[in-house]
Undergrad: 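Just dropping this structure here.
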Amino acid sequence: MPRTKRTLAAKSPPRNDGLWRFACALYAKPGVANACLALQDEQGADVPLLLAALWHGAAGYGPLSAARAKRWKAAARTWRTQIVAPLRQARRALKAHEAADLYTAVKRAELAAEKLQLEALERDAAPHAMRSPQALRADARANARLVLQRGKDSAPLRKIFSALREVP
């Protein structure tokens, strides 16, 4: 078998699926999906990157270092540009053409691509000493602001932060 260039998705499997479970649980909370989509569509946010940053703090991995945040943002930008955005564009076009079967297949592929992105970010998480639940939420909020490059919280981001309290 020929050697291939390693990409974001081609690295070793994740340690576990803690980030995926966290992301699905948070996204399922009332209002969070709409808040995430508002941040994505109105402010250009990378939702998997945001969810990974929240998880990194909330799961006890602590604050993201500037170097790790920069690395995550660069990897997310490449993955989004090369993989997720074209799938999203195709999915939206298919919805307009009422091609239900193909729309569903592309939607699944887009979700699978976002899961691969989360797995790659999870592999790069930095262990940190356990902290209080309040400190974990503070770390998660700080990480989200870092990857979104925002000092002030928008209404969608406040909605996500509120739902964060309910996710194990």
Undergrad: Give every residue pair that meets the salt bridge (charged side-chain N to carboxylate O under 4.0 Å, His left out) criterion with at least one member in residues 47-58, sequence neighbours excluded.
TA: none

Undergrad: Please report the shortest heavy-atom distance between Leu118 and Pro48, naming the atom on each side.
TA: CD2-O, 3.3 Å

Undergrad: Taking the inter-plane angle between the rings of His56 and Trp72 on a 0 to 90° scale, is it parallel (under 30°), tilted (30 to 60°) or perpendicular (over 60°)?
TA: perpendicular

Undergrad: With side chain to side chain donor-acceptor pair (under 3.5 Å) as the rule and sequence neighbours excluded, what pairs involving residues 26-35 come up?
TA: none

Undergrad: Which pairs count as salt bridge (charged side-chain N to carboxylate O under 4.0 Å, His left out) when at least one residue sits in residues 51-62, sequence neighbours excluded?
TA: none

Undergrad: To the nearest 0.5 Å, what is the distance between NZ (Lys115) and CD (Glu122)?
TA: 10.5 Å

Undergrad: Not counting sequence neighbours, which residues clear side chain to side chain contact (heavy atoms under 4.5 Å, CB included) with Thr104? List them please.
TA: Arg108

Undergrad: Measuring from atom CZ of Arg141 to atom CZ of Arg158, what distance do you get when rounded to the nearest 0.5 angstrom?
TA: 13.0 Å

Undergrad: Answer whether the closest heavy-atom distance between the side chains of Trp55 and Leu26 falls below 4.5 Å.
TA: no

Undergrad: Flag the pair Asp139 / Tyr61 as yes when at least one side-chain heavy-atom distance between them is below 4.5 Å, and no otherwise.
TA: no

Undergrad: Tell me the closest heavy-atom pair linking Pro63 and Asn143, and the distance in Å.
TA: CA-OD1, 3.3 Å

Undergrad: Of the non-hydrogen atoms in Leu146 and Ser65, which two are nearest, and what is the gap between them?
TA: CD2-O, 4.3 Å

Undergrad: Please tell me if the side chains of Leu39 and Val47 come closer than 4.5 Å, counting only heavy atoms from C-beta onward.
TA: no

Undergrad: Output every pair passing salt bridge (charged side-chain N to carboxylate O under 4.0 Å, His left out) with a member in residues 44-65, not counting sequence neighbours, ordered by first then second residue.
TA: Asp46-Arg80

Undergrad: I'd like to know whether Val167 forms a side-chain contact (heavy atoms from CB on, under 4.5 Å) with Leu54, so could you lay out the CA-CA distance, the side-chain angles of the two residues, the decisive distance to 0.1 Å, and finally the verdict.
TA: CA-CA 11 Å; Val167 177; Leu54 289 164; over 6 Å; no

Undergrad: To the nearest 0.5 Å, what is the distance between CG on Leu157 and OG on Ser162?
TA: 11.5 Å

Undergrad: Closest approach of Leu136 and Ala58, non-hydrogen atoms and distance?
TA: CD1-O, 3.5 Å

Undergrad: Do Leu111 and Lys107 have side chains that approach each other closer than 4.5 Å (heavy atoms only, starting at C-beta)?
TA: no

Undergrad: Taking atom NZ of Lys73 as the centre, report whether more than 12 heavy atoms of other residues, nucleotides or ligands fall under 6.0 Å from it.
TA: yes

Undergrad: Taking the side chain as C-beta and beyond, is there a heavy-atom pair between Arg145 and Asp153 under 4.5 Å?
TA: yes

Undergrad: Between Arg68 and Asp124, which heavy-atom pair has the shortest distance, and what is it?
TA: NE-O, 2.7 Å

Undergrad: From Arg137 CZ over to Ser132 OG, what is the distance, rounded to the nearest 0.5 angstrom?
TA: 8.0 Å

Undergrad: Check residues 83-95 and write down every donor-acceptor pair under 3.5 Å in which the side-chain atom is one partner and the other belongs to a residue at least two apart or another chain.
TA:
{"unit_1": "Arg88", "atom_1": "NE", "unit_2": "Glu110", "atom_2": "OE2", "d": "2.9"}
{"unit_1": "Arg88", "atom_1": "NH2", "unit_2": "Gln40", "atom_2": "OE1", "d": "3.3"}
{"unit_1": "Arg88", "atom_1": "NH2", "unit_2": "Glu110", "atom_2": "OE2", "d": "3.3"}
{"unit_1": "Arg88", "atom_1": "NH2", "unit_2": "Glu114", "atom_2": "OE2", "d": "3.0"}
{"unit_1": "Arg91", "atom_1": "NE", "unit_2": "Glu110", "atom_2": "OE1", "d": "2.4"}
{"unit_1": "Arg91", "atom_1": "NH2", "unit_2": "Glu110", "atom_2": "OE1", "d": "3.2"}
{"unit_1": "Arg91", "atom_1": "NH2", "unit_2": "Glu110", "atom_2": "OE2", "d": "3.4"}
{"unit_1": "Arg92", "atom_1": "NH2", "unit_2": "Asp41", "atom_2": "OD1", "d": "3.2"}

Undergrad: To the nearest 0.5 angstrom, please state how far the NE2 atom of His97 sits from the CG atom of Leu102.
TA: 11.0 Å

Undergrad: About how many Å separate CD of Gln117 and CG of Leu49, when rounded to the nearest 0.5 Å?
TA: 6.5 Å

